[in-house]
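Because the structure is predicted, anything quoted here is derived from the model rather than measured.
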Amino acid sequence: MMKKILFFAIVALLLAACQDSEKQLLKRAAELCPYIPDHELSEKSKPYMTADFYNVLDTMFNQLPEFEAMDHEWLYYFVTGNGGTIADFEVTGVEKNDNTNAVATLKVRQKWEDGSFDENSDVEEHKLYMEKVNGQWLISDFDGHKADCIRHIAINKKEQAVRIAINNYLVQEIGEHYLKGERCIPMMIMVHEEEELFMGDFWVLWYDQAGDTLKCVSGGNHSGLMTLKKEGDQYKVVSFDQTVNGAGNEASARRIFGEYFDIYQNIHSNEKVREAVRQEQLREYVKKHNLNVKYYQDYGWPAVEL
């Protein structure tokens, strides 16, 4: 009889321990919710995430070029999206996969800054992944976005390697034939990419810096098709079929761009699009090279603020 009582007591204690463990995980998940990325990655969230998840997000939010926020905006917010609301979290359950991994189910509603709920916002369900590291439960993923980010970083790595190769070619091979300034800063708008073939509207532009202004001293358009070859982790331009100047320009553009000619023409003929891209890429260059520059200016035109 004593053995049975002892057995049931041990079982009861184990069950209680499991219940306590579940309560603790629910509580911990609720504590982690405020550190889920939302439009930006806060430095204070670092102690609440696994090192690899934080590093992936840090690359996404802080290290990729600024234009990525426009091209792949959905990766930059996980919960609220656009609209100026605040995520209101409710942890409704938690499933412990093993001793070091668990998944919490969250119900999320959007509320305004005054605390009232957005009536037009539905309740959404999300998954918060947790991993136990050195005795502490941390955020290891959210809705599978870690894999999305890793894939995107890999794509971006290729895009940047391609941009560097094209940029170097435009500066070294094309820029040499222009009146040189202090800095050659090409501009590129991709029209179509396929394997190692890259169609684009490319511009070579030389600038001198006068105070806080980049003054354009020379430049021109060199649209066309570049063929790149991968060498290790880098790329190199091996050929460039570019449009001709003068009367044969349209015919050469139609031949080079083929079925993508209309896309190219819409880009090439739209000055507002070109200037918007030019400003964006100049801002990126200024930031990368830590220049004290606020404006750029073409000869005979007013300065434009970056």
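If you check the side chains of K127 and T105, you find a donor sitting under 3.5 Å from an acceptor. Judged purely by distance below 3.5 Å, without hydrogens or angles, the side chains of S140 and E131 never pair a donor atom with an acceptor atom.
In terms of hydrophobic clustering, with Ile, Leu, Val, Met, Phe, Trp and Tyr side chains grouped at heavy-atom distances under 4.5 Å, L128 and L138 are assigned to different clusters. Under a hydrophobic clustering in which Ile, Leu, Val, Met, Phe, Trp and Tyr are joined whenever their side-chain heavy atoms come within less than 4.5 Å, directly or via other members, L197 and V191 fall into the same cluster.
Residue pairs that meet the salt bridge (Lys or Arg N to Asp or Glu O under 4.0 Å) test with at least one member in residues 172-185, sequence neighbours left out, are E176-K180. The salt bridge (Lys or Arg N to Asp or Glu O under 4.0 Å) contacts involving residues 250-259 comprise D241-R255, E250-R254, where partners must be two or more places apart or lie in separate chains. Identified under the salt bridge (Lys or Arg N to Asp or Glu O under 4.0 Å) test for residues 268-277, with sequence neighbours left out: E275-R278.
Considering all non-hydrogen atoms of both residues, S21 and K96 come closest at OG-NZ, 3.7 Å. Across all non-hydrogen atoms, the minimal contact from V79 to P37 is CG2-O, 4.4 Å.
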query: Going through the distances and angles, do R283 and Q279 end up as a side chain to side chain contact (heavy atoms under 4.5 Å, CB included)?
result: CA-CA 6 Å; R283 282 195 295 268; Q279 290 176 33; 3.8 Å; yes

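Remark: the backbone N or O of S116 is paired with a side-chain donor or acceptor of D114 at under 3.5 angstrom. For S42 (side chain) and K44 (main-chain N/O), a donor-acceptor pair under 3.5 Å exists by modelled atom type.
Each of H145, K157, M60 was compared with H152 under the side chain to side chain contact (heavy atoms under 4.5 Å, CB included) criterion, and only M60 meets it.
By the salt bridge (Lys or Arg N to Asp or Glu O under 4.0 Å) test, E90 pairs with no residue at all, sequence neighbours left out. Taking the side chain to side chain contact (heavy atoms under 4.5 Å, CB included) definition, one finds that E43 meets it with K46, Y54, sequence neighbours left out.
Note: H126 and F142 have parallel aromatic rings, judged against thresholds of 30 and 60 degrees for the angle between ring planes. Y264 and H268 have parallel rings, their planes meeting at less than 30° on a 0 to 90° scale where 60° marks the start of perpendicular.
Summarising the geometry, atom CD1 belonging to I139 is positioned 8.5 Å from atom CZ belonging to R28; distances are rounded to the nearest 0.5 Å. Atom CG of residue D201 and atom CG of residue N270 lie 10.5 Å apart, to the nearest 0.5 angstrom.
Residue F202 shares its hydrophobic cluster (ILVMFWY side chains chained together at separations under 4.5 Å) with V162, I166, Y169, L170, I174, Y178, M188, M190, F198, V204, W206, V217, M226, L228, Y235, V237, F240.
Under 4.0 Å is where a charged nitrogen must lie from a carboxylate oxygen, and between K107 and E124 no such pair does.
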